[in-house]
Trainee: 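My questions will all concern the structure given below.
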Amino acid sequence: MRIFVVVFVYVVLTGIHSLSAQNPIQRVEPPNWWVGMTHNEIELLVYGNNIASYDFVLMPYEGVMLKEIKRTSNKNYYFISLNITPEAKPGNIVLKFSKQKASEIMYEYPLLEREAGRATLEGFNNSDAIYLITPDRFVNGDPNNDARKGFLEQPNRSFKGGRHGGDIAGLDKSLDYIQDLGFTAIWINPMLENNMPNYSYHGYAITDFYKVDERYGSNESFKKLCADAKKKGMKVIMDIIANHCGLEHWWMKDLPSEDWINQWPEYTGTNHKKTVVLDPYASQTDTKQFFDGWFVPTMPDLNQRNASMAKYLIQNSLWWIEYAGISGIRMDTYPYPDMYFMRDWTKAVMTEYPNFNIVGEEWVLRPTIVSYWQKGKENANGYTSDLKSLMDFPLQNALVKSLNGSGWNDVYEELGQDYLYPNPNDLVVFPDNHDMSRIFSQLGEDFDKYKLALAYFATIRGIPQFYYGTEVLMKNPGTEDHGIIRSDFPGGWEGDRSNAFTGKGLGAEQREAQQFVKKLLNWRKSNTAIHHGKLMHFAPGNQDEVYVFFRYTEEKKVMVILNKNRKPYTLDVTRFNEIIAERFSGEEVLSGKRLEIDGKITLKAMTPMIIEIDE
């Protein structure tokens, strides 16, 4: 994640928050738990005015036992660990707080029954195609929630970095459109509360880890969105952050302890030196700054080496999975938190939900570093991981270099380094995302290159992800400003001059692009060779500007030809005789034409071909 923000003065925020003496308990997090969970030991964070001065008693409840009570230097916090055994039944656990000359506090803590199917939730996988959405910029389905009382930033659609009003209601009403395009999963940028003074639309400065931002909707509306998507055969991937929170997070005004966040004498940002995880010569100073430095001044760096912070973050992720029934997590800035915590976090999620999936963001162009984090990797320092998937930034970069340069060697050789990954088929591949220029802009607004890029990412190994608006050629000409990259989706607001949902106002190329994506991804839905088939590619020549690879199983075989020549080209197929015969027939997917091949194929200029070969 890369975010450019207005720099604020850095202050270590400590001190006591004034709270009501009549109602001292302000928060208990997580707000509930469930019976029958593998993760059956939870630590409650109880926050209230001088609450730690009260004596605590867990009232008798069959199957629930008090494990530990922890106090910190801040008397406004209690940390209470409970063991919820398999014998426990749904109901309300009673937490009793008492002290002399004060009324007893009897707090009812809900213990719920799990919804059917939660333990076997299916994560996103190779059969899926993911549609990435920045919710504030997609569709404004409920203008009434654009402005909310008590929020520091109010809507301003005329400002590129402001709140524009997209919300959960808009996402929900767009599910048919997304499904019709051929997508089977939706990754949504963070929707938890970001009550920050400005530039909060991106969602990465969380101020409440248990609450959907009211300008998007509610926890209940997010849960409904997940259920509605599931009914249409689509999965929802939640964007989660364990590395940092927002400077206006409620606990930043009253920290539980000094080591709740990573403190420095003065503001110190991360050095982004990701090689320290493997570098045998890395200094402790550089290593500490990478892991403990703040991402930006408005995002305090969380200290996962604090045991209660670590438990808090693990429980929070499990809570959202169990509550909403999501089908995956995209973990932001995966290498920046303490790496041993990240191992524990990932293991906890995958132990509770064995069929789940998590993709980690490791934005680096070296597969030696990306592969470090994948499950099954044997690392020189002994580090192991339970992370199944990562974002394949190296392949994205190589594809763009190949399309904008001469030949296909960059992408060919990048793919040839897949031996570094324990399972390259689990990587998420993509032409662009919310942190980089739109693929149409990266390729100089060349529509032919755009189609070559999308055909590649839809057919190569891995799980494809496209950013919202890619299907209608959204672009950011002459700028890399994130507010422009994350522009409003055409037709998402009443009165928009163009509308991607209806086609009104779209140019001819935009309409063609939309149909291209629809054809490509709906075909991909049922093609098992593309989902989990093997891959064989052939070294591109220095002059012919043609790249050929095959995806195949014992039953199916697909030939992908990417022709970058600016004029028609005749391809001799005898070169590929180790996988196909000189004479073969098949259907070209994008045109729908039947082909009878006898030694040669005539390729159109700057055109992809995807041939399902008859067997």
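Keep in mind that what you see is a predicted model, and the values were worked out from it rather than measured.
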Trainee: Have Gln374 and Ser371 got a donor and an acceptor in their side chains that come within less than 3.5 Å?
Mentor: no

Trainee: With no hydrogens and no angle check, just 3.5 Å: does a side-chain donor-acceptor pair link Glu509 and Tyr450?
Mentor: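 There is no such pair between these side chains.
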
Trainee: What residues, two or more places apart in sequence or in another chain, satisfy side-chain contact (heavy atoms from CB on, under 4.5 Å) together with Ser389?
Mentor: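 Per chain and number, Ser389 pairs via side-chain contact (heavy atoms from CB on, under 4.5 Å) with Asn357, Val359, Val428.
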
Trainee: Please identify each residue that fulfils side chain to side chain donor-acceptor pair (under 3.5 Å) with Gln396, with sequence neighbours left out.
Mentor: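 By the side chain to side chain donor-acceptor pair (under 3.5 Å) rule, Gln396 matches Gln442.
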
Trainee: Pick from Asn476, Asp432, Thr479: which one makes a side chain to side chain donor-acceptor pair (under 3.5 Å) with Ser437?
Mentor: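 Going through the options one by one, the only one that passes is Asn476.
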
Trainee: Could you verify whether a donor N or O on one side chain and an acceptor N or O on the other, from Asp239 and Tyr204, lie under 3.5 Å apart?
Mentor: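 Note: Asp239 and Tyr204 side chains meet the donor-acceptor criterion.
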
Trainee: Does any donor atom in the side chain of Tyr334 or Thr346 lie under 3.5 Å from an acceptor atom in the other side chain?
Mentor: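 There is such a pair (donor and acceptor under 3.5 Å, judged by atom type) between the side chains of Tyr334 and Thr346.
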
Trainee: May I ask you to decide if Met391's main-chain N or O and Glu362's side chain share a donor-acceptor pair within less than 3.5 Å?
Mentor: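 Such a contact is absent between Glu362 side chain and Met391 backbone.
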
Trainee: Heavy-atom distance under 4.5 Å between the side chains of Asp392 and Arg461, does that happen here?
Mentor: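 A side-chain contact exists here, since the closest heavy-atom pair is under 4.5 Å.
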
Trainee: What residues form a salt bridge (charged side-chain N to carboxylate O under 4.0 Å, His left out) with Lys519, not counting sequence neighbours?
Mentor: none

Trainee: Can you run down the side chain to side chain donor-acceptor pair (under 3.5 Å) pairs that involve residues 313-324, sequence neighbours left out, and say none if there aren't any?
Mentor: Asn32-Trp319, Arg114-Glu322, Ser317-Trp345, Glu322-Tyr353

Trainee: Tell me if the aromatic rings of His434 and Trp187 count as close, with their centers under 6.0 Å from one another.
Mentor: yes

Trainee: Set out, in order, the CA-CA distance, both residues' side-chain angles and the distance that settles salt bridge (charged side-chain N to carboxylate O under 4.0 Å, His left out) for Asp435 and Arg486, then state yes or no.
Mentor: CA-CA 9 Å; Asp435 284 330; Arg486 306 162 185 168; 2.9 Å; yes

Trainee: Centroid-to-centroid, Tyr177 to Tyr468, below 6.0 Å?
Mentor: no

Trainee: Identify, with sequence neighbours excluded, every residue that meets side-chain contact (heavy atoms from CB on, under 4.5 Å) alongside Ser402.
Mentor: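 side-chain contact (heavy atoms from CB on, under 4.5 Å) list for Ser402, sorted by chain: Trp408, Asp410, Val411.
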
Trainee: Run the salt bridge (charged side-chain N to carboxylate O under 4.0 Å, His left out) test against Asp338 and tell me which residues pass, sequence neighbours left out.
Mentor: Arg305

Trainee: Do the non-hydrogen side-chain atoms of Asp332 and His244 ever get within less than 4.5 Å of each other?
Mentor: yes

Trainee: Is there a side-chain contact between Glu414 and Asn397, using heavy atoms and a 4.5 Å cut-off?
Mentor: no

Trainee: Just jot down the ring pair (Phe, Tyr, Trp, His ring centres under 6.0 Å) partners of His164, sequence neighbours excluded, or say none.
Mentor: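 Testing His164 for ring pair (Phe, Tyr, Trp, His ring centres under 6.0 Å), a comparison that skips the adjacent residues, returns none.
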
Trainee: For the ring pair His482 and Tyr201, is the centre-to-centre distance below 6.0 Å?
Mentor: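 Ring-ring flag for His482/Tyr201: false, centres at least 6.0 Å apart.
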
Trainee: Less than 6.0 Å separating the ring centroids of Tyr336 and Phe291?
Mentor: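 For Tyr336 and Phe291, the ring centres are not under 6.0 Å apart.
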
Trainee: Determine whether the side chains of Asn563 and Asn565 contain a donor N or O and an acceptor N or O closer than 3.5 Å.
Mentor: yes

Trainee: Looking at Arg366, I want to see if its CZ is surrounded by more than 12 non-hydrogen atoms of other residues, nucleotides or ligands under 6.0 Å.
Mentor: no

Trainee: Do the side chains of Lys525 and Ser127 get nearer than 4.5 Å, heavy atoms only?
Mentor: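 Heavy-atom side-chain distance check fails, nothing below 4.5 Å.
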
Trainee: Check this for me: does any side-chain nitrogen of one of Asp180 and Lys232 sit under 4.0 Å from a carboxylate oxygen of the other?
Mentor: no

Trainee: For Lys451, what residues pass the side chain to side chain donor-acceptor pair (under 3.5 Å) criterion, not counting sequence neighbours?
Mentor: Glu512

Trainee: Ring-plane angle category for His249 and Phe209, please: parallel below 30°, perpendicular beyond 60°, tilted otherwise.
Mentor: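 Plane angle between 30° and 60°, so tilted.
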
Trainee: Please list all pairs passing the salt bridge (Lys or Arg N to Asp or Glu O under 4.0 Å) test where one or both residues lie in residues 122-135, with sequence neighbours left out.
Mentor: Glu122-Lys235, Asp128-Lys235

Trainee: Who passes side-chain contact (heavy atoms from CB on, under 4.5 Å) against Asp228, sequence neighbours left out?
Mentor: Asp172, Leu175, Lys224, Lys231

Trainee: Any chance the rings of Phe430 and Tyr467 have centres within less than 6.0 Å?
Mentor: no

Trainee: What pairs with Ala129 under side-chain contact (heavy atoms from CB on, under 4.5 Å), at least two apart in sequence or on another chain?
Mentor: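 With sequence neighbours excluded, Ala129 shows a side-chain contact (heavy atoms from CB on, under 4.5 Å) to Phe183, Pro464, Leu521, given in chain and number order.
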
Trainee: Taking the six-membered ring for Trp and the full ring for Phe, Tyr or His, determine whether the centres of Phe549 and Tyr547 are under 6.0 Å apart.
Mentor: yes

Trainee: Between Pro135 and Ile168, is any pair of side-chain heavy atoms under 4.5 Å apart?
Mentor: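 Side chain of Pro135 against side chain of Ile168, heavy atoms only: no contact under 4.5 Å found.
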
Trainee: Going by salt bridge (Lys or Arg N to Asp or Glu O under 4.0 Å), name the pairs with one or both residues in residues 152-167, residues two or more places apart or in two chains.
Mentor: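 Passing the test, one end in residues 152-167: Arg157-Asp488, Arg157-Asp496, Lys160-Asp481, Arg163-Asp213.
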
